[in-house]
Undergrad: 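Let me give you the structure first, and then I'll get to my questions.
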Amino acid sequence: TALSIIGTGTRSAAVAASIIALLAFAMTRRFKLLGYALLLAAIASALFSERIVAFFTHDETSTANRLLIWTLALKLIKANPWIGVGLEQFHYYYAQLIVSRADQLGALGIHPHQQYLEWAMESGLFWLLAGIVLLLSIIVYCTRAYYVAPPERRVILLAAAPCTAMVFVWSN
């Protein structure tokens with residue numbers, strides 16, 4: 001899982017996963033396992049630091065491009081608030097709305113890099129609200145179930161609730 005997260009190059013996901021792992025180890029009082037995991041992570045970081053840094057290094061235009069895409073997504077949401085533009089249709093609208101060749105980011109893989117913008121843009125505001133309610137209900141359910149679950153099953157709930165919260169907050 002760690003290699004998969006590092007391979008994506010998403011800094012916020014790596015930070016969120018690290019925080020969730022630290023909290024899970026601390027809340028379940030697995031301090032020895034936490035120490036071993038930190039030692040293993042330090043060794044791996046020392047051995048493969050150049051490769052790891054390369055995954056998390058983005059070009060200087062990354063933020064500007066992301067802001068441009070968000071602006072275009074918000075325009076599409078305003079133009080189609082109820083039913084959206086359709087699933088996986090953003091790249092067609094993006095090609096029509098871009099201002100210059102310098103703003104072209106590539107072929108079909110273009111999306112807003114923000115789950116809530118994507119839900120609202122592709123499927124409309126009702127799907128956005130449904131998605132938010134779904135994620136919140138998972139967090140609430142896991143939190144309630146944690147207190148009534150037997151101790152051996154609490155770890156699963158402890159992992160599920162923060163992971164869902166991570167998706168809710170850092171959906172990239």
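Basis for what follows: all heavy atoms, side chains included, without hydrogens, waters or symmetry-related copies.
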Undergrad: Do Leu40 and Leu34 belong to the same hydrophobic cluster, where Ile, Leu, Val, Met, Phe, Trp and Tyr are linked whenever their side-chain heavy atoms lie under 4.5 Å apart, directly or via other members?
TA: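 Not linked; separate clusters.
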Undergrad: Take atom CG in Leu38; do more than 12 heavy atoms of anything else shown fall under 6.0 Å from it?
TA: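 Yes.
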Undergrad: Give a yes or no on whether Val140 and Ile132 share a hydrophobic cluster (residues Ile, Leu, Val, Met, Phe, Trp, Tyr; joining criterion: side-chain heavy atoms under 4.5 Å apart).
TA: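 No, it is not one cluster - the side chains of Val140 and Ile132 are not joined through contacts under 4.5 Å.
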Undergrad: Can you measure from CG (Leu125) to CG (Asn80) and round to the nearest 0.5 angstrom?
TA: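 Going from CG on Leu125 over to CG on Asn80, the span is 10.0 Å.
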Undergrad: Report yes if the side chains of Leu134 and Ser137 come closer than 4.5 Å at any heavy-atom pair, otherwise no.
TA: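 Result yes, sub-4.5 Å side-chain heavy-atom pair found.
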Undergrad: Starting from Leu129, can I reach Ile83 by hopping between I/L/V/M/F/W/Y residues whose side chains sit under 4.5 Å apart?
TA: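 Looking at the clustering, Leu129 is in a separate group from Ile83.
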Undergrad: Any link between Val133 and Tyr141 through a network of hydrophobic side chains (Ile, Leu, Val, Met, Phe, Trp, Tyr) touching at under 4.5 Å?
TA: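 No, Val133 does not connect to Tyr141 through the hydrophobic network.
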Undergrad: Verify the neighbour count for atom CZ of Phe31: are there more than 12 heavy atoms of other residues, nucleotides or ligands below 6.0 Å?
TA: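 More than 12 within 6.0 Å, yes.
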